[in-house]
Amino acid sequence: MNLKRLSLLLVLLVAADQALKIWVKTHMLLGDPSIVVVPDWFQLRFVENAGMAFGMRLTTGGGYDWGKLLLGLFRIGFAGFIGWSIVRLVREGKAPKGFVVGLTLILAGAIGNLLDSAFYGLVFSASTPYAVAEFGGSYAGFMMGKVVDMFYFPLFQWNGVPSWLRFLVDHDNYFFGPIFNLADAYISVAVVYLLLFQFRYLNK
């Protein structure tokens with residue numbers, strides 16, 4: 001696969017992630033009842049997190065959120081490294097097609113969540129998620145935006161879950177507790193795919 005096709009795939013993946021997030025941001029309110037897609041299995045629930053994937057956080061507390069800034073800088077560095085690796089591997093022509101496609105999925109996920117953090121605070125209101133800042137105004141600084149999550153799968157209720165497995169369930173003991181977005185899914189699917197099907201190449 002050449003760089004033009006990979007670039008097109010990357011643009012389409014990031015565009016799909018951002019289109020869904022902006023739709024959720026402009027059509028749903030935090031705390032509103034979920035949109036049920038498949039009863040008892042799949043819902044759209046609008047949440048925001050200030051940290052990493054699946055609602056995890058990296059914050060330092062206090063005034064300025066230096067932890068969030070560090071996370072944003074890490075995302076930029078990580079995305080840059082993955083992008084450079086894809087270009088190098090394609091030009092060398094030795095890596096399997098599936099491997100570079102997997103890396104492209106990871107890059108799309110990193111960019112998708114990076115865009116939320118970098119720009120959503122400049123565009124969207126924190127108090128009213130659907131409100132858009134006027135031209136020249138902003139609600140939060142660069143890299144201080146929150147990541148939009150929406151996919152929720154309350155697969156089954158697990159009562160009496162051990163404390164060390166609490167991260168797997170939500171406050172109502174429904175598994176799978178974490179709510180995630182398309183960018184998170186890109187990264188998770190790509191990592192599993194690379195480990196399962198590109199193990200030989202990774203082992204080199």
Side-chain angles (χ1 to χ4, degrees), residues 1-25 42 48-59 65-123 141-153 167-168 176 178-204:
M1 182 170 286
N2 58 37
L3 287 175
K4 287 185 178 179
R5 290 183 177 179
L6 288 172
S7 298
L8 177 60
L9 174 63
L10 178 66
V11 169
L12 291 175
L13 290 172
V14 173
D17 172 70
Q18 289 298 302
L20 179 58
K21 287 174 177 175
I22 291 173
W23 183 88
V24 168
K25 190 81 168 165
F42 177 29
E48 292 181 320
N49 75 76
M52 297 177 281
F54 301 106
M56 294 183 289
R57 298 174 62 85
L58 175 63
T59 57
D65 196 341
W66 292 102
K68 186 166 178 55
L69 177 62
L70 289 174
L71 178 60
L73 294 176
F74 170 79
R75 282 185 174 137
I76 292 174
F78 177 76
F81 173 74
I82 295 295
W84 172 82
S85 298
I86 292 172
V87 172
R88 182 176 64 85
L89 290 170
V90 171
R91 287 178 176 173
E92 290 178 353
K94 297 179 181 179
K97 182 189 297 184
F99 186 78
V100 291
V101 169
L103 289 183
T104 302
L105 279 169
I106 293 174
L107 179 59
I111 292 175
N113 284 335
L114 176 61
L115 291 174
D116 295 27
S117 298
F119 300 112
Y120 279 23
L122 300 174
V123 176
F142 180 66
M143 284 297 174
M144 293 296 114
K146 293 183 178 181
V147 177
V148 176
D149 294 328
M150 75 293 293
F151 294 134
Y152 178 54
F153 292 86
F167 70 95
L168 292 175
F176 172 76
I179 301 175
F180 59 98
N181 56 43
L182 269 181
D184 299 333
Y186 295 159
I187 296 172
S188 300
V189 169
V191 169
V192 172
Y193 166 76
L194 292 175
L195 291 176
L196 291 179
F197 299 103
Q198 299 295 330
F199 178 78
R200 291 183 178 180
Y201 183 76
L202 283 171
N203 202 33
K204 296 180 182 179

*asked:* Assess the residue pair S117 and L71 against the criterion (side chain to side chain contact (heavy atoms under 4.5 Å, CB included)); give the C-alpha distance rounded to whole Å, side-chain angles, the decisive distance to 0.1 Å, and a yes or no.
replied: CA-CA 9 Å; S117 298; L71 178 60; 6.0 Å; no

*Side-chain contact, heavy-atom cut-off 4.5 Å: L114 with F78?*
no

_Determine whether D149 and K21 satisfy the following criterion, side chain to side chain contact (heavy atoms under 4.5 Å, CB included), listing intermediate values before the conclusion._
CA-CA 7 Å; D149 294 328; K21 287 174 177 175; 5.8 Å; no

*Check the pair Y120, I22 against side chain to side chain contact (heavy atoms under 4.5 Å, CB included), reporting the backbone distance first and the verdict last.*
CA-CA 9 Å; Y120 279 23; I22 291 173; 3.6 Å; yes

*Can you tell me how far the CG atom of L8 sits from the CG atom of N2, to the nearest 0.5 Å?*
10.0 Å

*Roughly how far, to the nearest 0.5 Å, is the CD1 atom of I106 from the OH atom of Y193?*
11.5 Å

*Without swapping roles, check the side chain of Y201 against the backbone of F99 for a donor-acceptor pair under 3.5 Å.*
no

*Kindly say whether N181 contributes a backbone atom to a donor-acceptor pair with the side chain of D184 at under 3.5 angstrom?*
yes

*Determine the interplanar angle of the F180 and F153 rings, folded into 0 to 90°, and report it as parallel if under 30°, tilted if 30 to 60°, perpendicular if over 60°.*
parallel

*asked:* Quick check: closest heavy atoms across I187 and A110, and the distance to 0.1 Å?
replied: CD1-N, 3.8 Å

_Side chain to side chain, N49 and V148, heavy atoms closer than 4.5 Å_ = no

*What is the distance from atom CD1 of I82 to atom CD1 of I86, rounded to the nearest 0.5 Å?*
6.5 Å

*asked:* If I take atom CG from residue L105 and atom CG from residue L9, how far apart are they, to the nearest 0.5 angstrom?
replied: 6.5 Å

*Hey, what do you get for CG (L3) to CG (L10), rounding to the nearest 0.5 Å?*
11.0 Å

*Are any of the side-chain nitrogens in D116 or K146 under 4.0 Å away from the carboxylate oxygens of its partner?*
no

*Hey, what do you get for CG (L13) to CG (L107), rounding to the nearest 0.5 Å?*
9.5 Å

*More than 12 heavy atoms of other groups within 6.0 Å of R200 CZ*: no

*Indicate yes or no: at least one non-hydrogen side-chain atom of R75 is less than 4.5 angstrom from one of N113.*
yes

*Does some side-chain heavy atom of F151 sit less than 4.5 Å from a side-chain heavy atom of L20?*
yes

*asked:* To check you understand the geometry: which heavy-atom pair defines the closest contact between D17 and G112, and what is its length?
replied: OD2-CA, 3.3 Å

